[in-house]
Amino acid sequence: MDRNLIRKFQKMKSMSNERFWQEMNDIHTRAYAMGIKHMREAMECHPRISKPMVQQVLIKADEIREKWDGLRMVTVDDTESEQFRTAAEIIHNLTPTEGYIFNLKEEAVISIAGRQFKVQPVQEEGQHGDVDTQA
C-alpha cells in the first residue's frame, strides 16, 4: 500500500458513524455523476445523435432521477439493491454469470457454488458476431 492509501484508510477509520455515511453518500453521488458523464460522452460519439438530442436525454435523466425516483442526491441506501450491469448484459438480457461467460475470449475455469466448470468459447462466429448455432 502506498502512503496516500494508508492515510485515506486512517481518516475513514477515525470518522464517526454519521460522518462516514455522509462521506460514502458523497462518493456515491460523485460516482453517479461520472456515470452521467460517461453516458453523455458515449452519446456524443455516435454520428446520428445531435447535441440537442444529447441535452434532451440528460434533462430527461435528471427528471427521472428527481421526480420519478425522488433523488436529489444519490445515496448508498438509494442504490443498495441495484446491481451494475454491463452493456452486453443489458442488450442481450443476460444474468451476470451469463455476461461473464459471454465475454470470455479463451478457455476458463469458473466456480459456481463450490463446483468448478471448464468453459471454452466456440470459435466460429456468424456475420453479426453471434455464435453459429446451425452447425
Side-chain angles (χ1 to χ4, degrees):
M1 272 202 247
D2 69 347
R3 289 177 186 244
N4 288 332
L5 191 57
I6 292 170
R7 264 189 240 118
K8 285 180 183 180
F9 178 70
Q10 293 297 333
K11 180 182 174 188
M12 295 297 264
K13 278 180 38 177
S14 68
M15 290 180 183
S16 68
N17 194 31
E18 183 179 312
R19 178 70 182 124
F20 172 79
W21 285 109
Q22 184 180 358
E23 185 72 18
M24 289 296 101
N25 287 339
D26 182 55
I27 291 170
H28 221 65
T29 300
R30 284 187 277 147
Y32 187 89
M34 180 65 74
I36 294 292
K37 178 183 174 204
H38 292 163
M39 181 178 70
R40 179 181 44 77
E41 290 171 350
M43 285 188 292
E44 288 174 350
C45 290
H46 196 284
R48 293 187 303 181
I49 297 179
S50 65
K51 291 240 183 238
M53 289 170 77
V54 169
Q55 296 305 318
Q56 289 172 351
V57 170
L58 293 174
I59 289 169
K60 189 63 177 182
D62 277 345
E63 178 186 333
I64 290 169
R65 178 180 52 81
E66 290 180 6
K67 293 183 179 169
W68 295 11
D69 294 335
L71 305 176
R72 297 260 180 240
M73 180 174 98
V74 182
T75 65
V76 175
D77 293 337
D78 298 328
T79 59
E80 192 171 45
S81 63
E82 292 297 318
Q83 186 175 20
F84 175 76
R85 294 180 69 199
T86 64
E89 290 171 357
I90 294 168
I91 292 167
H92 299 293
N93 197 27
L94 304 172
T95 66
T97 303
E98 291 170 333
Y100 176 79
I101 294 170
F102 178 80
N103 289 320
L104 285 177
K105 301 293 185 222
E106 56 190 34
E107 184 178 297
V109 175
I110 61 172
S111 181
I112 301 173
R115 293 183 62 200
Q116 293 191 338
F117 299 89
K118 187 176 185 179
V119 181
Q120 182 176 6
V122 177
Q123 300 304 319
E124 298 176 36
E125 292 187 358
Q127 107 187 56
H128 300 291
D130 295 332
V131 175
D132 184 12
T133 57
Q134 303 301 320

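Not measured: the values here are computed from a predicted model.
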Is it possible for you to say whether Phe9 and Met24 belong to one hydrophobic cluster, with membership spreading through side-chain heavy-atom contacts below 4.5 Å? no
Are any non-hydrogen side-chain atoms of Glu98 and Asn93 less than 4.5 angstrom apart? no
Ile49 meets the side-chain contact (heavy atoms from CB on, under 4.5 Å) criterion, sequence neighbours left out, with Met43, His46, Met53, Val54
Apply ring-ring contact (aromatic ring centres under 6.0 Å, His included) to Tyr100 and list each qualifying residue two or more places apart in sequence or on a separate chain. none
For Leu5, all residues meeting side-chain contact (heavy atoms from CB on, under 4.5 Å), sequence neighbours excluded: Met1, Asp2
Shared ILVMFWY cluster between Val57 and Ile64, side chains joined below 4.5 angstrom? no
Non-neighbouring partners of Glu41 that pass side-chain contact (heavy atoms from CB on, under 4.5 Å), sequence neighbours left out: Lys37, His38
Of Arg40, Met39, Met34, the one forming a side chain to side chain contact (heavy atoms under 4.5 Å, CB included) with Ile36 is Met39
Tell me every residue that passes salt bridge (charged side-chain N to carboxylate O under 4.0 Å, His left out) with Glu63, counting only those two or more places apart in sequence or in another chain. Lys60
Given a cutoff of under 4.5 Å between side-chain heavy atoms of I, L, V, M, F, W and Y, with clusters grown through shared members, what are the other residues clustered with Val109? none
Lys105 to Pro121 - nearest heavy-atom pair and separation: C-CG, 3.9 Å
Which salt bridge (Lys or Arg N to Asp or Glu O under 4.0 Å) pairs, counting each pair once, include a residue from residues 3-24, with sequence neighbours left out? Arg19-Glu23
Decide yes or no for Asp26 and Arg30: does some side-chain heavy atom of the first lie under 4.5 Å from some side-chain heavy atom of the second? yes
Path from Leu104 to Phe117 over hydrophobic side-chain contacts below 4.5 Å: yes
Any pair counted as salt bridge (Lys or Arg N to Asp or Glu O under 4.0 Å), so long as it reaches residues 108-118, sequence neighbours left out: Glu107-Lys118
Could you report the tightest heavy-atom contact between Phe20 and Met12, atom names first, then the distance? CE1-CE, 3.8 Å
Hydrophobic cluster membership, Ile101 vs Ile112, 4.5 Å side-chain cutoff: yes
